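To keep things clear, I will list the structure first and then write my remarks on it.
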Amino acid sequence: MLTISRENVYRDNLRSYKIIIDGNYCDEIKCGEIKNINLAPGNHTIYLKIDWCRSNKIDFTVLENETVEFECGNSMDKWRILLAIIYITFLKNKYLWIRKK
């Protein structure tokens, strides 16, 4: 089992992030939402996507009867909002973030 929680902030609050697991679209997560996804035990890779931007990729392992927890959000917090044009062009693969809890 995989659990992903998304922070509840104003950035991208009207848009969903696509959840990509092992290179395949799996589901979407909205602002402030928690998603539970059933996964087969084994090695997996996860990242999030919005338009042409995405998050970092994380490799993880799911064991039998284990729940792996992640949290995610938008990288442009506080002063980084001033770098929006850079995040949607040169840093497009860091526009979103995801990390293991």
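Values reported hereafter were calculated over all heavy atoms of this structure, with side chains retained and with hydrogens, waters and symmetry mates removed. It should be emphasised that the depicted structure is a prediction, and the values quoted were computed from it without experimental measurement.
Checked for salt-bridge contact, Lys18 and Asp27 miss the test: no charged N lies under 4.0 Å from a carboxylate O. Look at Arg99 and Glu71 and you find a salt bridge, because one of the NZ, NE, NH1 or NH2 atoms lies within 4.0 Å of a carboxylate O, short of that distance.
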Exercise. Starting from the C-alpha separation in whole Å, work towards a yes-or-no answer on side chain to side chain contact (heavy atoms under 4.5 Å, CB included) for Arg6 and Tyr17.
Key: CA-CA 9 Å; Arg6 180 173 160 188; Tyr17 300 159; 3.4 Å; yes
Self-check item: side chain to side chain contact (heavy atoms under 4.5 Å, CB included) evaluation trace for Lys57 with Asn93
Solution: CA-CA 9 Å; Lys57 291 183 179 182; Asn93 294 341; over 6 Å; no
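Other residues, nucleotides and ligands contribute only 12 or fewer heavy atoms inside 6.0 Å of the NZ atom of Lys92. Annotation for Tyr25: atom OH counts as buried by contact number, over 12 foreign heavy atoms lying within 6.0 Å. Summarising the local packing, NZ of Lys35 is surrounded by more than 12 heavy atoms from other residues, nucleotides or ligands at distances under 6.0 Å.
Judged by distance alone, the side chain of Asn56 and the main-chain N or O of Ile98 form a donor-acceptor pair under 3.5 Å. Listed for the Ser16 side chain is no donor-acceptor partner under 3.5 Å among the backbone atoms of Glu28.
Considering CG of Asn36 and OG1 of Thr3, their distance stands at 4.0 Å, rounded to 0.5 Å. Interatomic distance, CD1 of Ile46 versus NZ of Lys100, reported as 11.0 Å (0.5 Å rounding). The structure places OG of Ser55 at 4.0 Å from CG of Leu48, a figure rounded to the nearest 0.5 Å.
Both Trp52 and Leu96 are part of a single hydrophobic cluster, where members link through side-chain heavy atoms under 4.5 Å apart. No path of Ile, Leu, Val, Met, Phe, Trp and Tyr side chains, each step under 4.5 Å between heavy atoms, connects Ile19 with Trp97, placing them in separate hydrophobic clusters. Both Phe60 and Ile29 are part of a single hydrophobic cluster, where members link through side-chain heavy atoms under 4.5 Å apart. Residues Tyr47 and Phe70 do not share a hydrophobic cluster, clusters being chains of Ile/Leu/Val/Met/Phe/Trp/Tyr side chains in contact below 4.5 Å.
Across every non-hydrogen atom of Ser5 and Ile34, the tightest pair is CB-CG1, 3.8 Å.
A side chain to side chain contact (heavy atoms under 4.5 Å, CB included) with Thr45 holds for exactly one of Ile58, Ile21, Ile20, Asp22; it is Asp22.
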Taking only distance into account, with no hydrogens and no angle test, what donor-acceptor pairs under 3.5 Å do side-chain atoms of residues 61-69 form with protein atoms, sequence neighbours excluded?
from, atom 1, to, atom 2, distance (Å)
Thr61, OG1, Asn43, OD1, 2.7
Glu66, OE1, Leu63, N, 2.7

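Looking at Leu39 and His44, their side chains come closer than 4.5 Å, going by heavy atoms from C-beta outward.
Remark: Arg54 is not positioned above the aromatic ring of Tyr95, lacking an NZ or CZ atom under 6.0 angstrom from the ring centre and at most 45 degrees off the axis.
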